[in-house]
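Encoded as C-alpha cells, the structure appears first; notes follow it.
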Amino acid sequence: MNVENPSDLARRIGELKREKNAVILAHYYTAPEVQAVADFLGDSLALSVEAQSVEADVILFAGVHFMAETAKVLCPDKKVLIPCPEAGCSLADSCDAGAFAAFRAQHPDHTVVSYVNTTVEVKALTDICCTSSNALKVVESIPADRPVIFAPDRNLGSYIRKLTGRENMLLWDGACHVHEEFSLEKLLALKREHPAAKVVAHPECRAYIVAVADYVGSTAGILSYCGQSDAQEFIVVTEAGILAEMRRRHPEKRFIPAPPDDETCGCNNCRYMKMVTLENIAAALETLSPEIVLDERIRRLAERSIRNMINIK
C-alpha cells in the first residue's frame with residue numbers, strides 16, 4: 001500500500017475496521033496518531049478487561065507483544081493481531097520463563113504474583129497476575145502469613161512491599177528500561193524551576209524517584225490525579241506517550257516530561273511502543289496478520305492467573 005499521508009492512512013484504517021469487523025485497542029504509550037485511531041485507549045488493566053467484552057471478530061492490539069498475548073488469552077475465539085511482532089518489552093524480556101520456572105520450584109510454598117508485563121509462559125507459571133493499578137490490592141488479597149514471589153519488576157515489587165510491610169515477599173530482579181532511566185538530579189532541578197508543579201510518577205520508577213513524587217500510580221491513576229488536582233503544572237515521570245492524552249483532556253494545564261539521565265537516548269520513550277505505526281496497523285488489517293497464536297495448554301494456565309486478578313474486587 002502506497003498511502004503515506006497520515007490522514008489518508010487513518011481514513012483507510014477506519015474503512016478496514018468496518019470491512020473486517022475489527023477494533024483497535026491501544027496503550028497510552030503508543031504514538032499520538034496511533035492513539036487517535038483506537039476504539040479503546042487505556043492502561044494494562046483497562047485493556048485486559050476491555051479485551052473480554054469486545055464484540056468484533058478481530059482485535060488489533062496497538063501495543064507490545066505481551067499485551068496482544070493477554071488479549072488472545074482472554075479471547076481465544078477471536079483473531080488477535082499484533083501490527084509489529086518485534087515490539088517486545090524490556091520488562092517482560094527480563095523474566096525468562098525457564099529461569100523463572102526454576103526459581104519458582106525453589107520456593108514451592110510461595111504464592112506467585114506476576115505483573116501483566118510478562119510473556120504468556122510466565123503468566124502460566126503465575127497464581128495471580130497484577131498491574132500497577134491493582135498490585136497493592138492483589139498482594140493484600142493474599143493472607144499475610146503466606147510468602148509471595150513478585151515478578152518481574154523489582155521497583156514495583158519494592159514499592160508494594162514497603163506499602164504492605166510484607167517482609168515475606170521475594171522479588172524477581174527485572175526492570176523497565178524507561179522507568180529505570182529517570183534522573184533524580186534533573187527531576188529536582190525541574191522542581192526548582194517549577195515550584196508549584198506536582199510530580200507524578202509511575203511505581204516502576206526507582207525508589208529515590210518515587211520518594212520525591214506528590215503522587216505515585218499507574219497511567220490511569222496519574223491521569224485521574226491530574227484531572228482532579230487544582231495544580232496547573234505537572235512534572236510527569238513515566239513514558240512520555242501519556243502526555244498526548246493528558247494534553248487532550250486538560251489543554252489548560254501544563255505537563256512537563258521528566259528527563260532521563262542521558263537525554264540524547266530518548267529513554268523516556270518506549271522504543272517498542274513507538275514501533276507501532278499507522279502503516280503497520282493498516283497492513284495488519286489488510287492481511288489479517290501477523291496473528292497471535294498460543295499453545296492451548298499454556299493459554300489456559302495463563303487465563304487462570306489473569307482471571308484470578310480480574311476477579312479480585
Side-chain angles (χ1 to χ4, degrees), residues 27-28 42-53 63-64 66-67 69-71 73-74 89 91-92 94-95 97 100-101 103-104 107-176 179 201-205 207 210 213 215-225 238 298-313:
H27 194 273
Y28 288 127
D43 65 359
S44 295
L45 177 59
L47 294 174
S48 296
V49 173
E50 188 67 19
Q52 299 181 101
S53 60
V64 296
F66 79 80
M67 295 180 177
E69 283 184 340
T70 302
V73 166
L74 294 172
C89 170
L91 182 53
S94 72
C95 189
F100 189 67
F103 181 73
R104 185 179 187 268
H107 307 282
D109 59 331
H110 285 55
T111 297
V112 179
V113 177
S114 292
Y115 204 16
V116 292
N117 299 43
T118 49
T119 64
V120 67
E121 290 83 7
V122 170
K123 289 182 178 71
L125 295 165
T126 295
D127 296 305
I128 313 174
C129 278
C130 75
T131 71
S132 53
S133 297
N134 64 15
L136 178 61
K137 186 179 291 187
V138 166
V139 171
E140 287 182 335
S141 75
I142 300 166
D145 61 349
R146 187 177 301 167
V148 171
I149 291 172
F150 190 96
D153 192 283
R154 59 177 177 261
N155 294 324
L156 177 60
S158 178
Y159 177 68
I160 298 301
R161 185 164 62 184
K162 182 177 179 180
L163 289 180
T164 59
R166 294 182 74 132
E167 295 301 322
N168 58 352
M169 274 181 65
L170 286 178
L171 307 182
W172 182 264
D173 190 21
C176 163
H179 293 97
H202 196 283
E204 287 180 34
C205 294
V210 168
Y215 175 81
V216 179
S218 66
T219 48
I222 287 172
L223 281 165
S224 178
Y225 174 84
T238 188
I298 296 295
R299 188 202 68 78
R300 287 180 178 275
L301 289 170
E303 182 180 23
R304 174 186 55 82
S305 66
I306 296 168
R307 294 204 182 279
N308 284 345
M309 169 188 74
I310 292 171
N311 291 335
I312 292 174
K313 304 301 182 184

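- Atom-to-atom distance recorded for Ile160:CD1 and Lys137:NZ is 12.5 Å, nearest 0.5 angstrom.
- In terms of the side chain to side chain donor-acceptor pair (under 3.5 Å) criterion, residue partners of Ser218 (sequence neighbours excluded) are, by chain and number, Ser133.
- Arg304 pairs by the side chain to side chain donor-acceptor pair (under 3.5 Å) definition with nothing, not counting sequence neighbours.
- By the side chain to side chain donor-acceptor pair (under 3.5 Å) test, Asp173 is found to be paired with Arg154, residues two or more places apart in sequence or in another chain being considered.
- Nearest heavy atoms, Pro203 versus Val210: CA-CG2, 4.4 Å.
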Yes or no on side-chain contact (heavy atoms from CB on, under 4.5 Å) for Leu223 and Tyr28, after CA distance, side-chain angles and deciding distance? CA-CA 10 Å; Leu223 281 165; Tyr28 288 127; 3.3 Å; yes
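- The distance from atom CD of Gln52 to atom OG1 of Thr70, rounded to the nearest 0.5 Å, is 11.0 Å.
- Taking CG of Leu74 as the reference point, atom CD of Glu50 lies at 11.5 Å (rounded to 0.5 Å).
- A heavy-atom distance below 4.5 Å is not found between the side chains of Asn117 and Asp153.
- The two residues Ala97 and Val122 come nearest to each other via the heavy atoms CA-CG2, 3.8 Å.
- Checking side-chain atoms of Lys123 against main-chain N and O of Val116 turns up a donor-acceptor pair under 3.5 Å.
- When only modelled atom types and interatomic distance are considered, Ser305 and Thr126 share no side-chain donor-acceptor pair under 3.5 Å.
- The shortest heavy-atom contact between Asn155 and Ala175 is ND2-CB, 4.5 Å.
- Residues in residues 109-138 take part in these ring-ring contact (aromatic ring centres under 6.0 Å, His included) pairs, two or more places apart or across chains: His107-His110.
- The side chain to side chain donor-acceptor pair (under 3.5 Å) check on Arg299 picks up Glu296, Glu303, with sequence neighbours excluded.
- Using a 4.5 Å cut-off on side-chain heavy atoms (C-beta onward), Ile312 and Asn134 make no contact.
- In this structure, Asn308 and Asp127 have side chains that are not in contact, with every pair of non-hydrogen atoms separated by 4.5 Å or more.
- The shortest non-hydrogen separation linking Met67 to His27 is CE-CD2, 3.3 Å.
- Contact record, Cys129 with Met309: O-CB, 3.1 Å, taken as the closest heavy-atom pair.
- Judged purely by atom type and a 3.5 angstrom limit, Trp172 has no side-chain atom pairing as donor or acceptor with the backbone of Gly157.
- Side-chain contact between Leu125 and Val112 is absent, with no heavy atoms from C-beta onward closer than 4.5 Å.
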Ignoring hydrogens and angles, write down the donor-acceptor pairs under 3.5 Å from the side chains of residues 138-151, residues two or more places apart or on other chains.
from	atom 1	to	atom 2	distance (Å)
Ser141	OG	Val138	O	2.5

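- Between His179 and Leu91, every side-chain heavy-atom pair lies at or beyond the 4.5 Å cut-off.
- Residues Phe100 and Glu121 form no side-chain contact, since every pair of their non-hydrogen atoms from C-beta on lies 4.5 Å or further apart.
- Considering all non-hydrogen atoms of both residues, Leu156 and Ser132 come closest at CD2-CA, 4.4 Å.
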